[in-house]
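These notes are about the structure you will find just below.
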Amino acid sequence: DADFSSDKEINQNLVGFYRHNFDFYDSLLIAGVDLLHSAADDTSYDGRSDAEDITQEWDITADGTSPFFQFEISPTERLRLSVGARRDEIKYSAVGYKISRGVTTNYDESKTFSQTSPKAGVTFKLNEDNNLWFSYGKGFVVPSRTYLFVGSRGIDPNPNLEPETAEDIEVGLRGDISVLDKNLSYDIALYRTEIEDMLVTDDATSMFTNAGKVRVQGVETTLSFTPVADWRFDMAHTYADNEYLDFVTGTDDYSGNTLAYSPKHRLNARVTWMPIHGLSAELEMDHITEYYTSTGNDDPNGKEDRPDVYNLRVSYKTGPWAFWGHVLNLTDRKYAERVGYDADDVGVNNTTGREFEVGGPRTFYAGVSYTWK
């Protein structure tokens, strides 16, 4: 069995804003509006080509109007304050039909979502090279047309979905320090976000749904160090502790479970060699720790443990010419970008219930560019 879908999409986005610098306390005002329009035709066929019967067809438009502003001021030389807000008004219109088990269901749906999202921030200059900062904000994410009307990869849509709302607090330290008489750049941030009505997949019903409450928290660190002129070392690390605080659906209670596809640690490390002017060769390693493959944290195959992936990038620039080449998955490891688990698929065609998004094999890219001045 197989099916085929055809998607046609047009997206238009216009952002206009006004910026004004004031004479007092190095203050700044930015105000504007973000306008969005998209139109999509989604058609699904019960077979491998458009010669087969149509099982689902949608014409969907989305229109958004989002005015915003931000004001910044420095009451002292070391202190910078900012405050802002954004008002989102987004409307979906969807007309279509779906054929299931010989029954045709017609749809004419209209959904409107609105939210005001404030934000505020403080930056304090400890010295010329280091800053301490704090930010607070609220976020707003509307369900996509896939979640609301179309569905995806065996997951049914849900036109009754609510938008995600989030409250985020972050505190961090960034700057430069001297290590062995060399400059080390760093950026360390602690974050905590609580999300209401997070958009997830309900394993029990194979439908998109809203989880009651989710907490996402952790530490993000980036470092860059150049011990000698022709070598640079970069590292980005994330520690994440992501948990469903309240998620009850049907007879299943996932409260206290770890979010699926959410490794505790992710490390991206790069070493760059720059032997001559204009030439650089970068070796990158991407590492993640094991993660749960389902919302229920109940995959009998255990957690997924993806192998490390290595990439090589070389570039050379001379005058207006630039040459580059990439080798992705340098060691040609077999791996999956993402692994899921569905208990209903266990035993079907001798499967373990796991679903894989296969990562790419060793892949080569090369290019050349010329810049006219």
Side-chain angles (χ1 to χ4, degrees), residues 13-35 64-89 114-141 164-196 214-227 229 232-242 266-268 270:
N13 186 218
L14 175 66
V15 179
F17 67 91
Y18 171 77
R19 171 176 176 150
H20 186 82
N21 293 85
F22 297 95
D23 295 332
F24 59 92
Y25 298 116
D26 192 25
S27 52
L28 165 69
L29 174 67
I30 299 175
V33 62
D34 186 354
L35 302 176
T65 303
S66 304
F68 60 87
F69 85 93
Q70 179 169 318
F71 179 71
E72 300 180 13
I73 190 170
S74 296
T76 69
E77 183 178 346
R78 290 191 171 188
L79 185 63
R80 185 73 172 173
L81 307 176
S82 67
V83 63
R86 177 186 174 103
R87 175 68 180 180
D88 290 293
E89 296 276 353
S114 60
Q115 173 80 20
T116 300
S117 303
K119 66 175 184 178
V122 179
T123 300
F124 182 74
K125 182 181 291 187
L126 299 174
N127 53 44
E128 288 300 319
D129 298 317
N130 299 278
N131 296 294
L132 177 67
W133 58 271
F134 169 83
S135 69
Y136 169 84
K138 289 189 174 182
F140 176 69
V141 178
E164 290 183 356
T165 57
E167 186 175 45
D168 177 71
I169 297 175
E170 294 185 66
V171 61
L173 189 65
R174 68 167 64 99
D176 301 283
I177 58 176
S178 179
V179 176
L180 302 175
D181 294 327
K182 302 296 181 179
N183 185 69
L184 171 68
S185 298
Y186 70 93
D187 193 337
I188 303 172
L190 286 74
Y191 64 91
R192 180 187 178 97
T193 304
E194 292 195 354
I195 305 171
E196 302 276 357
V214 174
R215 183 186 63 214
V216 177
Q217 61 184 3
V219 182
E220 294 181 337
T221 304
T222 60
L223 302 173
S224 182
F225 184 51
T226 307
R232 187 181 72 244
F233 298 87
D234 298 279
M235 183 207 77
H237 174 263
T238 299
Y239 167 76
D241 179 20
N242 304 331
R266 180 155 198 165
L267 174 65
N268 183 274
R270 287 161 287 156

Quick check for you: to the nearest 0.5 Å, what is the distance between [X] atom [atom1] and [Y] atom [atom2]?
X: Asn183; Y: Ser178; atom1: CG; atom2: OG; answer: 7.5 Å
X: Ile195; Y: Thr165; atom1: CD1; atom2: OG1; answer: 9.0 Å
X: Thr193; Y: Glu167; atom1: OG1; atom2: CD; answer: 9.5 Å
X: Tyr191; Y: Tyr239; atom1: OH; atom2: OH; answer: 9.5 Å
X: Leu132; Y: Ile188; atom1: CG; atom2: CD1; answer: 11.5 Å
X: Asp176; Y: Glu128; atom1: CG; atom2: CD; answer: 12.0 Å

Which atom pair, heavy atoms only, marks the closest approach of [X] to [Y]?
X: Ser117; Y: Gly139; result: OG-C, 4.1 Å
X: Arg232; Y: Ser224; result: CD-OG, 3.8 Å
X: Leu126; Y: Arg78; result: O-NH1, 3.5 Å
X: Glu220; Y: Thr238; result: CG-OG1, 3.9 Å
X: Phe68; Y: Gly16; result: CZ-O, 4.3 Å

(Q) Is there a side-chain contact (heavy atoms from CB on, under 4.5 Å) between Thr221 and Met235? Walk through the geometry before answering. (A) CA-CA 8 Å; Thr221 304; Met235 183 207 77; 4.3 Å; yes
**Q.** Worked verdict on Lys119 versus Gln70 for side-chain contact (heavy atoms from CB on, under 4.5 Å)
**A.** CA-CA 9 Å; Lys119 66 175 184 178; Gln70 179 169 318; 2.8 Å; yes
Q: Please assess Ile177 against Asp129 for the test side-chain contact (heavy atoms from CB on, under 4.5 Å), listing each intermediate value before the final yes or no.
A: CA-CA 8 Å; Ile177 58 176; Asp129 298 317; over 6 Å; no
Do [X] and [Y] come within less than 4.5 Å of each other through their side chains, counting heavy atoms only?
X: Arg87; Y: Ser114; value: yes
X: Asn130; Y: Tyr186; value: yes
X: Pro227; Y: Leu180; value: no
X: Leu223; Y: His237; value: no

What I want to check is whether the side chains of [X] and [Y] have a donor and an acceptor closer together than 3.5 Å.
X: Gln115; Y: Lys138; answer: no
X: Asn268; Y: Arg270; answer: yes
X: Ser74; Y: Arg80; answer: yes

Q.
Would you say that more than 12 heavy atoms from the other residues, nucleotides or ligands in this model lie under 6.0 Å from the CZ of Phe124, or not?
A.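 Check passes, neighbour count above 12.
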Q) So with a 6.0 Å cut-off around CZ of Phe17, is the heavy-atom count from everything else above 12? A)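 Open: at most 12 neighbouring heavy atoms sit under 6.0 Å from CZ of Phe17.
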Q) Counting distance only, does the side-chain N/O of Asp34 pair as donor-acceptor with the main-chain N or O of Thr65 below 3.5 Å? A)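 Between the backbone of Thr65 and the side chain of Asp34 there is no qualifying donor-acceptor contact (under 3.5 Å).
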**Q.** Passing candidate, side chain to side chain contact (heavy atoms under 4.5 Å, CB included) with Glu170, options Trp133, Phe134, Tyr136
**A.**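 Single pass found, and it is Trp133.
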Q | side-chain contact (heavy atoms from CB on, under 4.5 Å) between Lys182 and Thr226, intermediate numbers included | A | CA-CA 7 Å; Lys182 302 296 181 179; Thr226 307; over 6 Å; no
Q) Is the gap between the ring centers of Phe22 and His20 under 6.0 Å? A)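 Between Phe22 and His20, the centre distance is under 6.0 Å.
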